[in-house]
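Residue indices begin at 1 and follow the sequence shown.
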Amino acid sequence: MDVEVVGVGMHPFGSFPELSLKDLCRVAVVRAVRDAGLTLADVQAVYSGNSLAGLLTGQEQVRGQTVVRDLGIEGVPVTNVENACASGSTAFREAVAAVAAGFADVVLVLGHEKMCVGDRGRSLEALRTAADLDATRGLGLQFTAVYAMRLRNRLDEGSLTLDDLAAAAVKSHAAGARNPYAQYRNEVTAEQVLASRMIADPLTLLMCGSISDGAAAAVVARPGVVPGDRPRVRVRASAMRTARSTRTDAQPTVATETAEAAYEQSGVGPADLDVLEVHDAMAPGELLYYEQLGLCGYGEAGRLLREGVTGPGGRHPVNPSGGLSSRGHPVGATGVAQIAELTWQLRGEAADRQAPGARLALAHNSGGWMDGDSAVCSVHILERVA
């Protein structure tokens, strides 16, 4: 696939009640364009990922146009993308397709969300709409409860332990503490994790992510458009799938189907991956994706974590950014933030969270909930090109 990520940028994730979406996006976009060595005038198209602005800020229909016009980007195609928590990765996929098809040489991808609007109840209710309301009406389920049920089942059958769940949260917080863009930058102990307030059994407060504000941006381009001698980052695969209403527990999840499509497209497998960013809206959810993405077999996720395979210095470090649960999860921005982190990793620019010698990276971003599975899943594989 002849498409490269030539620039990335972020606004830190967190709670910023004094800032608007335009404020958040301005920082992310300017940083990404400067990182590419380009100017805003070089942008030929924009794909803007946002999930909740209509419900939380009242801005509907022209969300992307409002934020990029504030930067002076006008007259070019701006496409708005809404796809639950996978909005950012979907926008990235569409931008990659536009460059690959020859519609543009330089495309800006923007993921942005403002969830801290002074009413936590409104934000939680907005998140709940990322499920089939006809199927869930009256249940009052939040995504914390969905993760809790899946993990409770694994504890009951003995394929995961409570210590595994706590260790995942400890790893997440330790990574977030090394990331200047993370919402939560404090290390915690397993004892603190298990002693924190129960949210949805077995998930405690320190295992859970929180509502967040943030923006991330990436510039994708045709090879050769941006000169320079630093390592190039090529898009090796871009795959997306949606949930099947007919899936049984014996059949692959949408994450597994999507990952397999990306592996086939790229010609690499899970054993080849040097670093991963996965969709852990609750820190222990990372363990489920070890299995679903093919890093290990069913029931082996806890062992992988205990042996340090997925930690700093391990063979397959997962979520060196802190992941969704510690970096933060402003839902429309998450998929692009994953791309930014992996681009820094592949360039060797991730400072003390760097995965040494990283050459192949995978980003996994899910969204919504339907029929017992994520409604949509996106997997991208990026490659460092010397």
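Side-chain contact, E82 with S87: no donor N or O sits under 3.5 Å from an acceptor N or O. Side chain to side chain, E277 and S321 meet the donor-acceptor criterion of an N or O pair below 3.5 Å. Judged purely by distance below 3.5 Å, without hydrogens or angles, the side chains of S159 and E157 pair a donor atom with an acceptor atom. Using modelled atom types, one finds a donor on one side chain and an acceptor on the other under 3.5 Å when comparing R63 with N50. Counting only N and O atoms by type, the side chains of D280 and N319 include a donor and acceptor under 3.5 Å apart. For the residue pair R154 and Y298, a side-chain donor N or O sits within less than 3.5 Å of a side-chain acceptor on the partner. Checked by atom type, the side-chain pair S238/H380 shows a donor-acceptor distance below 3.5 Å.
Other residues, nucleotides and ligands place no more than 12 heavy atoms under 6.0 Å from the CD atom of E264. Enclosure of atom CZ in R230 by more than 12 non-hydrogen atoms of other residues, nucleotides or ligands within 6.0 angstrom is indicated. Heavy-atom neighbours of Q61 CD from other residues, nucleotides or ligands within 6.0 Å: at or below the threshold of 12. Shown here is R150, whose CZ atom has more than 12 heavy atoms of other residues, nucleotides or ligands within 6.0 Å.
Judged by distance alone, with hydrogens and angles left aside, the side-chain atoms of S374 form no donor-acceptor pair with the main-chain N or O of C377 at under 3.5 Å.
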Inset, instruction - For Y184 and S325, run side chain to side chain donor-acceptor pair (under 3.5 Å): C-alpha distance rounded to whole Å, both residues' side-chain angles, the deciding distance at 0.1 Å, then the answer. - result: CA-CA 8 Å; Y184 299 110; S325 53; over 6 Å; no

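Under 4.0 Å is where a charged nitrogen must lie from a carboxylate oxygen, and between D156 and R152 at least one such pair does. Ion pairing of R244 with D373 is absent here, as no side-chain N (NZ or NE/NH1/NH2) approaches a carboxylate O to less than 4.0 Å. D2 and R234 are not joined by a salt bridge, as no carboxylate oxygen comes within less than 4.0 angstrom of a charged side-chain nitrogen. Taking a cutoff of 4.0 Å between a charged side-chain nitrogen and a carboxylate oxygen, R128 and E125 qualify as a salt bridge. For the pair D352 and R178, the salt-bridge criterion is not met [side-chain N within less than 4.0 Å of a carboxylate O]. Between R241 and E257 there is no salt bridge, since no side-chain N of the basic residue sits under 4.0 Å from a carboxylate O of the acidic one. A salt bridge is absent between D272 and R236: the closest approach of a Lys/Arg side-chain nitrogen to an acidic carboxylate oxygen does not fall below 4.0 angstrom.
By the 4.5 Å heavy-atom criterion applied to side chains, Y289 and V318 are not counted as neighbours.
Between Y181 and W344, the distance separating the two ring centers is shorter than 6.0 angstrom. A centroid separation of less than 6.0 Å is found between the aromatic rings of H329 and H279.
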